Amino acid sequence: MNINLTLISQMIAFAVFVAFCMKYVWPPIMKALDERATKIAEGLAAAERGQQEQEIGRQKALEEMKAAKEKAAEIVAQAQKRYNEVMDEAKRDAQGEADRIRNAAHAEIEQETNRAREELRERMATLAVAAAEKVLEKEVDASAHKALLDSFAKQL
Amino acid sequence: MATAELTASDYIQHHLTNLTLGWLPDKGLVFAHNAEEAAAMGFWALHVDSLLWSIGLGVLFLIGFRKVADSVTAGVPGKAQNFIEWIIDFVNENVRGSFSAKNDMVAPLALTIFAWVFLMNLMDLVPVDLIPWAFGQFMGLFGADPHHVFMRVVPTTDPNITFGMAIAVFFLVLYYSVKIKGVGGFVGELTLHPFGKFGLPANLILEGISLLSKPLSLSLRLFGNMYAGEMIFILIALMYGHNIVLSLGGGALQLAWAIFHILIITLQAFIFMVLTIVYLDMAHQTDH
């Protein structure tokens with residue numbers, strides 16, 4: 001229970017221990033604690049950011065999908081329109097072609113008819129001459145009576 | 001045990017005497033053989049037991065913490081690091097809660113006080129006769145009389161230890177008071193409150209007492225608690241060796257007191273730390 005040199009020794013030991021603790025114990029551990037706190041904060045911030053980015057990505061994907069759908073609809077509409085146009089055009093062309101063919105056919109028929117008529121007329125003339133020859137029992141000079149025969153034939 | 005041929009008062013006396021190394025006029029540099037010789041050595045003597053246990057425990061604390069600090073990682077901590085971090089975090093919370101100024105020394109100081117005082121107090125839980133008896137037997141091998149070999153294992157029951165720490169803290173309080181407030185500011189704080197400059201003597205007495213009571217209360221609180229706790233352990237130990245009923249009763253009492261004492265030793269270490277922080281915080285306050 002006596003106060004003696006122990007007191008001063010203890011003070012010195014105390015000072016040395018505190019100095020050691022202050023220099024070699026506290027700072028490294030505190031640094032590690034702070035570092036971990038920073039790390040965790042960064043991790044949480046990154047997670048938050050990731051979530052936000054995911055949300056943004058989702059929105060973007062939705063927008064893209066919407067745009068794509070719109071575009072597809074537009075393309076379909078355009079295709080429909082173009083189809084209609086092509087159909088109309090084809091119809092018009094076909095109609096024109098049909099008209100042309102029909103006209104050509106009419107013309108040809110007309111021509112054929114005329115030719116047949118002409119031929120018939122000539123045959124008739126020949127027959128008429130032959131008949132006349134038979135009737136007259138003499139040969140008719142074809143060239144001499146050609147004019148007469150022609151007018152005859154025309155009357156047929 | 002040693003009580004057989006000793007009276008109870010001898011036994012207690014034996015337990016309350018330090019292993020004192022000092023200078024005696026007629027014998028030279030020796031260990032005191034009894035309390036009278038220890039007292040006769042005066043101021044220039046050392047309590048070797050208190051100092052060895054105190055410094056040993058302090059070194060133990062620093063080695064333990066230094067080992068963790070050496071391999072400390074900001075990643076996933078190991079078990080030891082977890083434990084140390086828990087203590088450091090606890091101390092750091094207290095410092096941040098009570099100490100408003102900026103001083104890098106206060107937190108390590110608080111940690112040292114808390115851990116060291118706790119370890120020194122913890123020695124109180126070692127059975128009260130074990131180490132002194134073993135040490136006595138050990139010294140007996142070298143021809144010493146075990147009855148005159150003293151060994152106190154709880155450094156905080158030695159006022160030298162508690163006063164040593166409290167006075168060191170007091171010096172820090174004085175140093176920072178003068179450093180932060182200047183000599184004039186510190187003297188002014190001592191003399192101009194609470195009654196203004198016309199009540200100067202009264203102010204000086206009041207503030208002086210308040211200032212001096214800091215180291216006194218700091219050290220006496222710790223010393224008183226630990227000394228009383230140790231004394232109760234010694235008294236309980238006296239119950240052994242009489243008869244079976246007293247021995248069993250003593251065992252139960254010792255267990256109960258030891259469990260209760262776990263609370264006290266932690267609390268006293270905590271109080272010493274918190275008061276140190278608060279005193280240093282007051283030393284850093286400029287607006288008084």
Side-chain angles (χ1 to χ4, degrees), chain A residues 1-69 71, chain B residues 16-18 20-22 35 38-39 41-48 50-51 54-55 58-59 61-62 64-66 68-77 81 84-85 88-89 91-92 104-105 107-109 111-113 115-116 155 158-165 167-169 171-172 227:
Chain A
M1 292 281 277
N2 314 299
I3 293 294
N4 55 29
L5 207 53
T6 315
L7 186 144
I8 291 164
S9 313
Q10 174 73 2
M11 283 171 69
I12 293 165
F14 185 45
V16 171
F17 288 168
V18 170
F20 184 90
C21 183
M22 193 180 153
K23 196 151 182 172
Y24 298 109
V25 173
W26 190 267
I29 296 178
M30 221 48 217
K31 197 171 142 243
L33 286 177
D34 288 346
E35 256 172 43
R36 187 174 315 131
T38 317
K39 253 186 181 171
I40 291 171
E42 273 170 8
L44 287 176
E48 183 92 359
R49 221 165 33 237
Q51 255 173 359
Q52 270 174 4
E53 263 163 26
Q54 194 194 13
E55 184 60 27
I56 288 170
R58 217 168 59 87
Q59 295 275 357
K60 216 167 164 183
L62 279 177
E63 269 165 31
E64 296 257 309
M65 240 149 81
K66 216 169 112 191
K69 266 186 191 157
K71 185 126 193 181
Chain B
L16 295 183
T17 306
N18 283 101
T20 313
L21 178 68
M41 284 171 179
F43 183 77
W44 298 105
L46 278 179
H47 288 168
V48 178
S50 293
L51 269 181
S54 145
I55 290 171
V59 168
F61 146 66
L62 286 177
F65 273 62
R66 176 63 198 158
V68 168
D70 241 355
S71 57
V72 74
T73 165
V76 180
Q81 193 186 331
I84 300 297
E85 276 179 10
I88 295 235
D89 217 39
V91 172
N92 199 34
D104 285 340
M105 197 210 61
L109 173 75
L111 172 67
T112 309
I113 288 174
W116 195 18
D158 183 346
N160 287 299
I161 299 299
T162 62
F163 270 101
M165 294 177 82
I167 290 171
V169 169
F171 283 165
L172 282 176
Y227 188 79

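Only heavy atoms go into these numbers, but all of them, side chains included; no hydrogens, no water, no symmetry mates. Everything numeric in this text was worked out from a predicted model, so none of it was measured. Note on naming: letters A, B, ... go to the chains in the order of the sequence lines (proteins, then strands), and numbering restarts at 1 for each one.
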Flag the one option from [options] with the top tally of heavy-atom pairs under 4.5 Å to chain A.
options: B:L172, B:I88, B:V72; result: B:I88
options: B:T73, B:T20, B:D70, B:V48; result: B:T73
options: B:A107, B:A39, B:A35, B:G75; result: B:A107
options: B:A74, B:A69, B:P155, B:A115; result: B:A74
options: B:I113, B:V169, B:T112; result: B:T112
options: B:I167, B:D104, B:N92, B:V68; result: B:N92

Q. Would one find more than 12 heavy atoms of other residues, nucleotides or ligands at under 6.0 Å from atom CZ of B:F171?
A. no

Q | A:E55 atom CD: more than 12 heavy-atom contacts under 6.0 Å | A | yes

Q) With only heavy atoms counted, which part of B:I84 is less than 4.5 Å from chain A, the side chain, the backbone, both or neither? A) side chain

Q | Region of A:I29 that comes under 4.5 Å of a non-hydrogen atom in chain B | A | both

(Q) Heavy-atom cut-off 4.5 Å, strictly under: side chain, backbone, both or neither for A:I8 against chain B? (A) side chain

(Q) Checking A:F20 against B:V59 for the side-chain contact (heavy atoms from CB on, under 4.5 Å) test, could you report, in this order, the C-alpha distance in whole Å, the side-chain angles of both residues, the deciding distance, and whether it holds? (A) CA-CA 10 Å; A:F20 184 90; B:V59 168; over 6 Å; no

(Q) Quick check against the 3.5 Å criterion: does B:N160 have a side-chain atom that pairs as donor or acceptor with the backbone of A:N4? (A) yes

Q | Nearest atoms (heavy-atom pairs only) where B:L111 meets A:W26 | A | CD2-CE3, 3.6 Å

Q. Between A:P28 and B:R66, which heavy-atom pair has the shortest distance, and what is it?
A. CG-NH1, 4.2 Å

Q. side-chain contact (heavy atoms from CB on, under 4.5 Å) with B:P108: which of A:M22, A:M30, A:K23?
A. A:M22

Spacing of [X] atom [atom1] and [Y] atom [atom2] [to the nearest 0.5 Å]:
X: A:N2; Y: B:H47; atom1: CG; atom2: NE2; result: 5.0 Å
X: A:T6; Y: B:L46; atom1: OG1; atom2: CG; result: 5.0 Å
X: A:I3; Y: B:F43; atom1: CD1; atom2: CZ; result: 8.5 Å
X: A:Q10; Y: B:F163; atom1: CD; atom2: CZ; result: 13.0 Å

Q. When the ring planes of A:F17 and B:W116 are compared, do they come out parallel, tilted or perpendicular, using 30° and 60° as the limits?
A. perpendicular

Q: Begin from the C-alpha positions of A:R36 and B:E85 and carry the test side-chain contact (heavy atoms from CB on, under 4.5 Å) through to its verdict.
A: CA-CA 12 Å; A:R36 187 174 315 131; B:E85 276 179 10; 2.8 Å; yes

